[in-house]
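See below for the structure under consideration.
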Amino acid sequence: MSIRENRLFAIEDKVLSIQHIRELADIILQEYLISDNKNASSWIKFYVKCYDYSSFESGDISIFDDSSIINKKRVKSIVIEYKEGEEKHVKVHLNHGYIQEEKEYINDSDIEIGGNNPFWVSGIYEKINTTLLSFPEQDTTLIEYKSKINWLAFIIGTYFGGALMDFVDRNNKDFIPFWYQATHKGLGNFFVSLLAGSLFGGIIVWLFTYVFLQKTYEIWPTVELQIGPDHLLVEKKRRFFYAKLLSIVLIPLLLSIISTIITNAF
């Protein structure tokens, strides 16, 4: 009685063009071509779903050519599947982005490999994994440092809370935080003012977390299928917009805040 080995591993933090998909598909196609003359039950299929609700299916790798119709669309998911009876099976699932389950963002792109020969399973696994490692990495910095970014947002929000109170109460346009000036009026007044500023900082963190950081999962998807013309690559366009916003608005604003703190400290 033979023992079947199965492996399942996730595909994470990758940016894949149609050339990368073709390279991945070719590895599996070669396995099919080797077995094709030996086993009549062997087959290979390529499936593609697009955001315009069209879908395509083929047994020919030319579906991933640069001139293919799918390279004119925004692709949602790709499945590459090869099977040789019950002896060999490879299935690649590539789904653009995350899926959301109970407020958690889940990666559902993976590869399944199964077979009666453990040496074949290990061999095809190594080929696919080595190829995947050579593909471009997705930038996940904002997601990885989410907690640290939240603390930075809290500090900035607290500063602005104090500055806002100072501006409203005294019409002081130099934006020196109210809780900073409150130290001259007693410790109790300082802590009350600091608490009010902190509450404002908390609101900023909440907005930052639920408006901006959650958007990072959409803008930097764990698997990004960069297939189709540039005007359809929504995530790429949004990243360019945020980079422009950061350079034009946020960085000068941050430098202005730091300059004000230093000036008033000395």
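With hydrogens and angles disregarded, no donor-acceptor distance shorter than 3.5 Å links the side chain of Arg4 to the backbone of Asn116. Between the side chain of Ser109 and the backbone N or O of Val223 there is no donor-acceptor pair closer than 3.5 Å. The backbone N or O of Ile11 sits less than 3.5 Å from a side-chain atom of Asn107, completing a donor-acceptor pair. Thr222 contributes no side-chain N or O that, together with a main-chain N or O of Glu12, makes up a donor-acceptor pair within less than 3.5 Å. Of the possible polar contacts, one joining the Thr130 side chain to the Glu126 backbone as a donor-acceptor pair under 3.5 Å is found. Between the side chain of Ser134 and the backbone N or O of Thr131, at least one donor-acceptor pair lies under 3.5 Å.
Because its NZ or CZ atom is both nearer than 6.0 Å to the ring centre of Tyr125 and within 45° of the ring axis, Arg7 counts as a cation-pi partner of that residue.
A donor atom on one side chain and an acceptor atom on the other are not found under 3.5 Å apart for Glu87 and Trp120. Asp60 and Ser62 share a side-chain donor-acceptor pair at under 3.5 Å. A donor-acceptor contact closer than 3.5 angstrom is absent between the side chains of Glu5 and Asn117. Between the side chains of Glu84 and Tyr82, at least one donor N or O sits under 3.5 Å from an acceptor N or O.
The NZ atom of Lys127 lies 10.5 Å from the CG atom of Asp26; values are rounded to the nearest 0.5 Å. Residue Glu31 holds its CD atom at 9.5 Å from CD1 of Ile44, rounded to the nearest 0.5 Å. Distance check, rounded to the nearest 0.5 Å: CG of Leu16 to CG of Leu132 gives 7.5 Å.
Hydrophobic clustering keeps Tyr47 apart from Ile61 (ILVMFWY residues linked when any side-chain heavy atoms are closer than 4.5 Å, directly or through intermediates). Val90 and Ile27 end up in the same hydrophobic cluster when Ile, Leu, Val, Met, Phe, Trp and Tyr side chains are linked at under 4.5 Å. The cluster map of Ile, Leu, Val, Met, Phe, Trp and Tyr, joined by side-chain heavy atoms under 4.5 Å apart, puts Phe64 and Leu33 in the same cluster. One hydrophobic cluster holds both Ile21 and Leu29 under the rule that ILVMFWY side chains link at heavy-atom gaps under 4.5 Å. One hydrophobic cluster, built from ILVMFWY side chains closer than 4.5 Å, holds both Ile69 and Ile63.
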Would you please test Ile111 and Leu8 for side-chain contact (heavy atoms from CB on, under 4.5 Å) and show each step?
-> CA-CA 6 Å; Ile111 296 177; Leu8 176 68; over 6 Å; no
Could you walk me through whether Lys14 and Glu224 pass the side-chain contact (heavy atoms from CB on, under 4.5 Å) test, one step at a time?
-> CA-CA 6 Å; Lys14 291 294 177 183; Glu224 182 176 350; over 6 Å; no
Please assess Ile128 against Phe9 for the test side-chain contact (heavy atoms from CB on, under 4.5 Å), listing each intermediate value before the final yes or no.
-> CA-CA 11 Å; Ile128 293 173; Phe9 60 101; 4.2 Å; yes
Evaluate side-chain contact (heavy atoms from CB on, under 4.5 Å) for Glu81 paired with Val92, printing each intermediate quantity in order.
-> CA-CA 6 Å; Glu81 187 170 15; Val92 179; over 6 Å; no
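With sequence neighbours excluded, the residues forming a salt bridge (charged side-chain N to carboxylate O under 4.0 Å, His left out) with Lys73 are Asp52, listed by chain and number.
Summarising the geometry of Pro221 relative to Glu218, their closest heavy-atom pair is CD-O, 3.6 Å, with the distance given to 0.1 Å. Closest of all the heavy-atom pairs between Lys76 and Tyr51 is CA-CE1, 3.5 Å. Taking both residues in full, the closest heavy atoms of Asp65 and Arg22 are given as CA-NH1, 3.6 Å, listed atom of the first, atom of the second, then distance. Closest approach of Gly114 to Asn6, counting heavy atoms only: CA-OD1, 3.4 Å. Considering every non-hydrogen atom in both Leu225 and Leu94, the closest pair reads CD1-O, 4.0 Å. When all heavy atoms are compared, the tightest approach of His96 to Val75 is CB-O, 4.1 Å.
Sorted by first then second residue, the salt bridge (Lys or Arg N to Asp or Glu O under 4.0 Å) pairs that include residues 107-116, not counting sequence neighbours, number zero.
Residues Phe56 and Phe46 keep their aromatic ring centres 6.0 Å or farther apart.
Contact annotation: the side chain of Phe135 never approaches that of Val15 to less than 4.5 Å [non-hydrogen atoms, C-beta and beyond]. Between Arg74 and Val234 there is a side-chain heavy-atom pair separated by less than 4.5 Å. Counting only heavy atoms from C-beta outward, the side chains of Lys88 and Val121 never approach each other to under 4.5 Å. Ile18 places a side-chain heavy atom less than 4.5 Å from the side chain of Ile70.
By the 6.0 Å contact criterion, CD on Glu86 is open, its count of non-hydrogen atoms from other residues, nucleotides or ligands being 12 or less.
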